Undergrad: 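I am attaching a structure below and will ask some questions about it afterwards.
Note: hydrogens, waters and symmetry copies are ignored here, and every other heavy atom, side chains too, is used. Predicted model, so just to flag it, every value in this text is computed and none were measured. Here is how names work: the chains are called A, B, and so on, in the same order as the sequence lines, proteins then strands, and each is numbered from 1.
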Amino acid sequence: VEADDLALVSRARAGETEAFRTLVVRFQRKVYAVALGIVKDPDLAWDVAQEAFVRVHERLSTFEGKSAFSTWLFRVTTHVAIDVVRRERPSRREAVEDVREADVAEAGEGILSTSLGNDPGENALRRELAAEIERALGTLSPEHRTILVLREVEGLSYEELSERLEIPKGTVMSRLFHARKRMQAALREYAGLAGVGAEGAVGAEGRARAGEAEDGAEDGGA
Amino acid sequence: MKDCVRYAPMIGSREGELAPGEVRGLVEHLAGCPACRARAADLAATEGLVAEALLARAAARDFAPFVDQVMARIAPRAGVLGWLRAHRRAAAAMLAPALAAAALIVYVSTGGERAQVASLELSAEGEATTVIQTADGPIVLLAPEGSS
């Protein structure tokens with residue numbers, strides 16, 4: 001498949017618009033999914049996805065083929081999406097990135113896995129949770145949404161995340177930890193599984209973390 | 001708890017992402033920490049949900065107009081630059097006479113004191129002869145025999 005992508009890129013560079021059209025059709029949905037995860041709004045995600053393809057087309061002559069075309073395309077998509085989020089809601093302060101003892105205090109961990117059972121693929125609760133993902137993602141800060149989407153949709157490694165987001169590997173791990181923790185707390189809440197621990201965790205985070213303050217500001221401004 | 005601060009962020013790492021020492025430490029920690037085992041179980045149970053949900057949303061959306069909208073935005077550039085890239089020889093053939101004339105003007109105008117004041121007129125007579133009118137009189141360039 002990859003060789004095919006490169007062949008299409010080569011033809012597109014020579015001016016064959018049909019080759020580029022094929023590349024657009026091939027990647028449009030995944031590019032849109034990444035954009036949607038980061039910017040939240042479906043129409044904005046549509047615009048981001050289009051802008052990513054337009055920019056890639058503009059820079060086709062600079063593509064050296066050292067990485068896969070898709071890697072390059074998603075890198076451009078990420079940058080466009082992050083720019084849009086920053087323009088819409090600039091961060092007012094740096095989120096706290098390290099992991100403290102309060103962050104690893106018991107907060108309802110294990111409830112999701114117990115409820116989902118051993119065969120989550122067939123589980124009705126899993127389908128229910130999948131339906132709530134967008135709403136849960138919407139409660140996360142842009143930084144947390146971005147890293148989660150890049151890890152899960154694009155499948156980037158720690159090293160690739162570090163390079164893409166220009167943060168050290170340690171920050172990749174701690175940011176992912178916080179993103180997942182909040183996502184799981186939101187999912188527990190939607191599924192009626194919050195319990196005392198989970199609710200307490202969300203409240204404590206809200207009081208203790210600058211990153212949460214940022215999230216709260218987002219909610220207030222939305 | 002102190003160990004959890006160190007190892008909880010490593011839960012969910014993939015093969016090759018941690019140093020061997022970190023992997024050993026994580027395995028040992030998980031063996032003795034029910035809270036982190038629960039964290040790992042939650043992560044495993046919900047793995048893939050984000051991708052599933054977002055890709056499902058993308059799949060449910062009507063993408064029929066998407067590619068046409070993208071192509072409409074790149075069309076003007078594709079039209080000119082794309083054609084030039086795809087037809088380099090034709091482009092060169094089209095531009096060659098203009099470039100040749102420009103080169104000649106530059107050559108004459110920088111060729112010396114007398115030449116600088118020459119008024120240059122370039123005209124083609126027939127297919128084989130070119131006459132340049134200068135202040136010093138006409139210069140006739142004859143094409144080689146057999147050329148067209």
Side-chain angles (χ1 to χ4, degrees), chain A residues 13-17 20-21 24-25 28-30 32-34 36-37 42 46 49-50 53-54 57-58 61 99-101 103-106 109-117 120 126 129-134 137 148-149 151-153 155 157-159 170 173-174 176-177 180-181 183-184 187, chain B residues 1-14 16-18 33-61 63 65-75 77-88:
Chain A
R13 283 169 69 156
E16 267 192 57
T17 51
F20 193 73
R21 172 180 278 270
V24 174
V25 171
Q28 59 190 7
R29 288 181 195 276
K30 195 167 176 189
Y32 173 80
V34 168
L36 178 62
W46 185 270
Q50 293 212 337
F53 281 112
V54 170
H57 184 270
E58 279 172 357
S61 60
V99 178
R100 301 167 177 177
E101 292 212 1
D103 298 317
V104 293
E106 206 277 320
E109 283 85 0
I111 294 176
L112 280 171
S113 55
T114 305
S115 304
L116 284 163
R126 186 180 168 86
L129 291 178
E132 297 290 350
I133 285 288
E134 268 184 84
L137 269 177
L148 210 51
V149 167
R151 177 72 168 180
E152 301 225 355
V153 181
S157 67
Y158 287 163
E159 198 179 331
M173 291 163 70
S174 57
L176 258 178
F177 168 81
R180 284 167 168 159
K181 184 178 166 69
M183 174 62 104
Q184 295 195 345
L187 289 178
Chain B
M1 186 78 82
K2 219 169 184 177
D3 282 351
C4 294
V5 169
R6 175 169 162 73
Y7 291 111
M10 295 182 190
I11 296 170
S13 57
R14 299 178 192 144
E17 290 186 322
L18 297 179
C33 178
C36 280
R37 280 204 301 277
R39 262 186 265 277
D42 277 356
L43 199 57
T46 54
E47 193 174 7
L49 269 178
V50 171
E52 265 173 47
L54 291 174
L55 291 170
R57 270 300 292 264
R61 183 155 185 171
F63 264 77
F66 186 90
V67 67
D68 288 332
Q69 288 170 1
V70 172
M71 299 313 285
R73 286 182 62 187
I74 65 173
R77 279 166 292 217
V80 177
L81 293 178
W83 188 89
L84 285 175
R85 282 194 196 102
H87 303 88
R88 285 191 175 91

Undergrad: So B:Arg14 and A:Tyr158, side-chain contact (heavy atoms from CB on, under 4.5 Å) or not? Walk me through it.
TA: CA-CA 9 Å; B:Arg14 299 178 192 144; A:Tyr158 287 163; over 6 Å; no
Undergrad: Report the C-alpha distance between A:Glu152 and B:Thr46 in whole Å, list the side-chain angles of each, state the deciding distance to 0.1 Å, and finish with yes or no for side-chain contact (heavy atoms from CB on, under 4.5 Å).
TA: CA-CA 11 Å; A:Glu152 301 225 355; B:Thr46 54; over 6 Å; no
Undergrad: For the residue pair B:Phe63 and A:Tyr32, is the inter-centroid distance of their aromatic rings smaller than 6.0 Å?
TA: yes
Undergrad: Need one label for A:Ala131: side chain, backbone, both or neither, based on atoms under 4.5 Å from any heavy atom in chain B.
TA: neither
Undergrad: Ignoring hydrogens, what is the shortest heavy-atom contact between B:Ala58 and A:Ala33? Give both atom names and the distance.
TA: CB-CB, 4.3 Å
Undergrad: Given heavy-atom pairs under 4.5 angstrom as the criterion, report whether the side chain, backbone, both or neither of B:Glu17 touches chain A.
TA: both
Undergrad: Can you see which heavy atom on A:Ala130 is nearest to which on B:Ala53, and at what distance?
TA: O-CB, 3.3 Å
Undergrad: Which pair of heavy atoms, one from B:Pro65 and one from A:Trp46, lies closest together, and at what distance?
TA: CG-CZ2, 4.2 Å
Undergrad: Can you name the closest pair of heavy atoms from A:Gly37 and B:Leu54 and give their distance?
TA: CA-CD1, 3.7 Å
Undergrad: As an exercise, state the distance from NZ of A:Lys181 to CG of B:Leu43, rounded to the nearest 0.5 Å.
TA: 13.0 Å
Undergrad: Any chance you could measure A:Leu148, atom CG, to B:Leu49, atom CG, to the nearest 0.5 Å?
TA: 10.5 Å
Undergrad: Given B:Arg61 and A:Gln28, is the side-chain contact (heavy atoms from CB on, under 4.5 Å) satisfied, shown in steps?
TA: CA-CA 11 Å; B:Arg61 183 155 185 171; A:Gln28 59 190 7; over 6 Å; no
Undergrad: Using heavy-atom distances under 4.5 Å, tell me whether A:Glu159 contacts chain B through its side chain, its backbone, both, or neither.
TA: neither
Undergrad: Show your working on side-chain contact (heavy atoms from CB on, under 4.5 Å) between B:Ile74 and A:Glu58 and close with a plain yes or no.
TA: CA-CA 8 Å; B:Ile74 65 173; A:Glu58 279 172 357; over 6 Å; no
Undergrad: Might you point out which heavy atoms bring B:Ala51 and A:Val153 nearest each other, and give the distance in Å?
TA: CA-CG2, 3.8 Å
Undergrad: With chain B, which of A:Arg29, A:Met173, A:Glu109, A:Arg21 has the greatest number of heavy-atom pairs at distances under 4.5 Å?
TA: A:Arg29
Undergrad: Which heavy atom of A:Gln50 sits nearest to which heavy atom of B:Gln69, and what is that distance?
TA: NE2-OE1, 2.7 Å
Undergrad: Tell me, for A:Gln184 versus chain B, whether the close heavy atoms (under 4.5 Å) come from the side chain, the backbone, both or neither.
TA: side chain
Undergrad: For B:Leu18, is it the side chain, the backbone, both, or neither that has a heavy atom closer than 4.5 Å to a heavy atom of chain A?
TA: both
Undergrad: Side chain, backbone, both or neither: which part of A:Arg180 has an atom under 4.5 Å from a heavy atom of chain B?
TA: side chain
Undergrad: Taking CD in B:Glu47 as the centre, count heavy atoms belonging to other residues, nucleotides or ligands within less than 6.0 Å. Is the count above 12?
TA: no
